[in-house]
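The basis for the numbers below is simple: all heavy atoms, side chains too, and nothing from hydrogens, waters or symmetry mates. A note on names: the letters A, B, ... follow the listed sequences, proteins ahead of strands, and every chain is numbered from 1.
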Protein chains: 2
Amino acid sequence: MSLRMRKSPASPLPPPCALTECMSLIAGAWTPNVIWHLGGGPRRFGELRADLPRISARVLSARLKALEARGVVHRRAAPTSPPSVEYSLTEVGRELVPALHAIVEVGARLKRLR
Amino acid sequence: MSLRMRKSPASPLPPPCALTECMSLIAGAWTPNVIWHLGGGPRRFGELRADLPRISARVLSARLKALEARGVVHRRAAPTSPPSVEYSLTEVGRELVPALHAIVEVGARLKRLR
DNA sequence: CAGAATCCGTTACGATACTG
DNA sequence: CAGTATCGTAACGGATTCTG
């Protein structure tokens with residue numbers, strides 16, 4: 001069982017509909033976790049790496065960039081040296097947290113059933 | 001942009017936490033769409049193929065089987081010839097629909113913002 | 001510290017062909 | 001009709017190395 005989500009499919013494309021496009025917001029094995037941890041408040045790049053022990057810098061960077069481009073995450077870089085960058089959920093981005101929570105609820109309920 | 005979700009990661013594993021495990025419920029490029037269409041009521045295999053024009057039988061079959069194993073979908077096969085199989089969301093599975101809806105809401109809102 | 005660049009294994013999915 | 005088997009491909013993600 002592998003957990004992935006294509007924003008656009010392999011070559012042709014899976015479902016060119018609104019649902020798929022919206023689901024791409026949380027696409028990627030780490031994306032939900034990134035959003036989840038940002039739900040607790042602003043977080044620095046390095047802090048997120050610590051929150052998500054096994055994530056690679058490459059992937060964290062890519063996810064944050066994608067989320068920023070979509071308007072889910074806000075990036076604030078302090079012009080210091082060494083650099084310090086703070087990420088936070090936008091107002092709309094914060095709405096994803098309860099949505100993720102709802103899915104977790106279902107998962108928990110399914111687990112209880114067996 | 002590609003839309004994928006690993007239920008369990010490539011080899012090591014991304015986030016071995018509850019969130020990830022729950023998110024794996026809707027993992028796969030097509031899974032949310034399958035659940036979405038089943039939300040309208042029971043559906044036959046062939047009907048789902050028609051609902052999801054580009055999905056391959058291989059993937060639809062795999063997704064339905066995974067959802068069934070997790071307790072999200074119920075499968076009822078009529079012992080006729082040719083066979084007729086009806087899929088439907090379980091009671092718990094139905095709870096995923098509003099969760100997906102919530103994500104779509106956020107997606108719509110983000111779209112309006114730009 | 002916050003990344004970008006490169007290399008490479010794993011996998012999700014599509015297409016096609018076949019079956020009970 | 002409802003799948004299964006096989007094959008080929010794009011892309012997701014890990015690890016490592018390098019930089020301003």
Side-chain angles (χ1 to χ4, degrees), chain A residues 1-16 20 23-24 26-34 42-68 73 75-88, chain B residues 1-16 20 23-24 26-34 42-68 73 75-88:
Chain A
M1 284 244 264
S2 172
L3 185 164
R4 262 179 198 165
M5 246 183 177
R6 311 196 175 174
K7 296 146 187 171
S8 78
S11 12
L13 58 157
T20 301
M23 288 306 298
S24 74
I26 55 170
W30 287 98
T31 309
N33 279 275
V34 171
R43 218 75 178 123
R44 303 244 313 271
F45 188 85
E47 293 179 319
L48 286 172
R49 287 195 73 176
D51 293 337
L52 284 16
R54 308 175 197 271
I55 198 171
S56 63
R58 180 189 169 320
V59 170
L60 178 56
S61 177
R63 294 303 149 244
L64 287 169
K65 196 170 294 188
L67 289 170
E68 190 195 356
V73 157
R75 187 193 123 118
R76 211 193 56 177
T80 59
S81 177
S84 172
V85 184
E86 189 181 87
Y87 292 92
S88 55
Chain B
M1 285 244 265
S2 172
L3 186 164
R4 261 180 198 162
M5 244 180 181
R6 310 193 176 174
K7 297 147 185 169
S8 78
S11 12
L13 56 157
T20 302
M23 288 306 299
S24 74
I26 55 170
W30 288 99
T31 309
N33 279 275
V34 170
R43 218 82 178 116
R44 304 244 313 271
F45 188 85
E47 293 178 318
L48 285 172
R49 287 194 73 176
D51 293 336
L52 283 14
R54 311 174 197 270
I55 199 171
S56 63
R58 182 192 177 306
V59 170
L60 178 55
S61 177
R63 295 302 148 243
L64 287 170
K65 195 168 294 187
L67 288 170
E68 190 195 356
V73 157
R75 187 193 124 115
R76 211 193 54 180
T80 59
S81 177
S84 172
V85 183
E86 189 181 86
Y87 292 93
S88 54

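For D:dA11, the OP1/OP2 oxygens have no side-chain nitrogen or oxygen of A:R58 closer than 4.0 Å. Side-chain nitrogen and oxygen atoms of B:R44 include none within less than 4.0 Å of the OP1 or OP2 phosphate oxygen of D:dC1. Under 4.0 angstrom from either OP1 or OP2 of D:dA2 there lies no side-chain N or O belonging to B:R43. The phosphate of C:dA4 (OP1 or OP2) has a side-chain N or O of A:K65 nearer than 4.0 angstrom. Put simply, B:Y87 has no side-chain N or O that comes within less than 4.0 Å of OP1 or OP2 on D:dC1. Using a 4.0 Å cut-off, some side-chain N or O of A:S56 falls inside it from OP1 or OP2 of D:dG14.
The nearest pair of heavy atoms linking B:R54 to B:W30 is C-CZ2, 3.9 Å.
One interatomic measurement links the two molecules: CZ of B:R54 to P of C:dA15, which rounds to 9 Å at whole-angstrom precision. Taking atom CZ of A:R49 as the reference point, atom P of D:dT16 lies 12 Å away to the nearest angstrom. To the nearest angstrom, P of D:dA15 lies 10 Å from CH2 of A:W30. One atom, CG of B:L48, and another, P of D:dC1, lie 14 Å apart when rounded to the nearest Å. Distance CZ (B:R76) to P (D:dG3): 14 Å, rounded to an integer number of Å. One atom, CG of A:L52, and another, C1' of D:dG14, lie 14 Å apart when rounded to the nearest Å. The interatomic distance linking A:L67 (CG) with C:dG3 (C1') rounds to 16 Å, in whole Å. At whole-Å resolution of the value, CG in B:L60 and C1' in C:dC13 are 13 Å apart.
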Which donor-acceptor pairs under 3.5 Å do the side chains of residues 42-50 of chain A make with protein atoms, sequence neighbours left out?
{"unit_1": "A:R43", "atom_1": "NE", "unit_2": "A:D51", "atom_2": "OD2", "d": "2.9"}
{"unit_1": "A:R43", "atom_1": "NH2", "unit_2": "A:D51", "atom_2": "OD1", "d": "3.1"}
{"unit_1": "A:R44", "atom_1": "NE", "unit_2": "A:S84", "atom_2": "OG", "d": "3.2"}
{"unit_1": "A:E47", "atom_1": "OE1", "unit_2": "A:R44", "atom_2": "N", "d": "2.8"}

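Legend: residues meeting side chain to side chain donor-acceptor pair (under 3.5 Å) with A:R58, ordered by chain and number and at least two apart, are absent.
Looking at residues 77-86 of chain A, you'll see A:P82, A:P83, A:S84, A:V85 sit with a heavy atom under 4.0 Å from some atom of DNA chain C.
Formation of a donor-acceptor pair under 3.5 Å by the A:T80 side chain with backbone atoms of A:P82 is found in this model.
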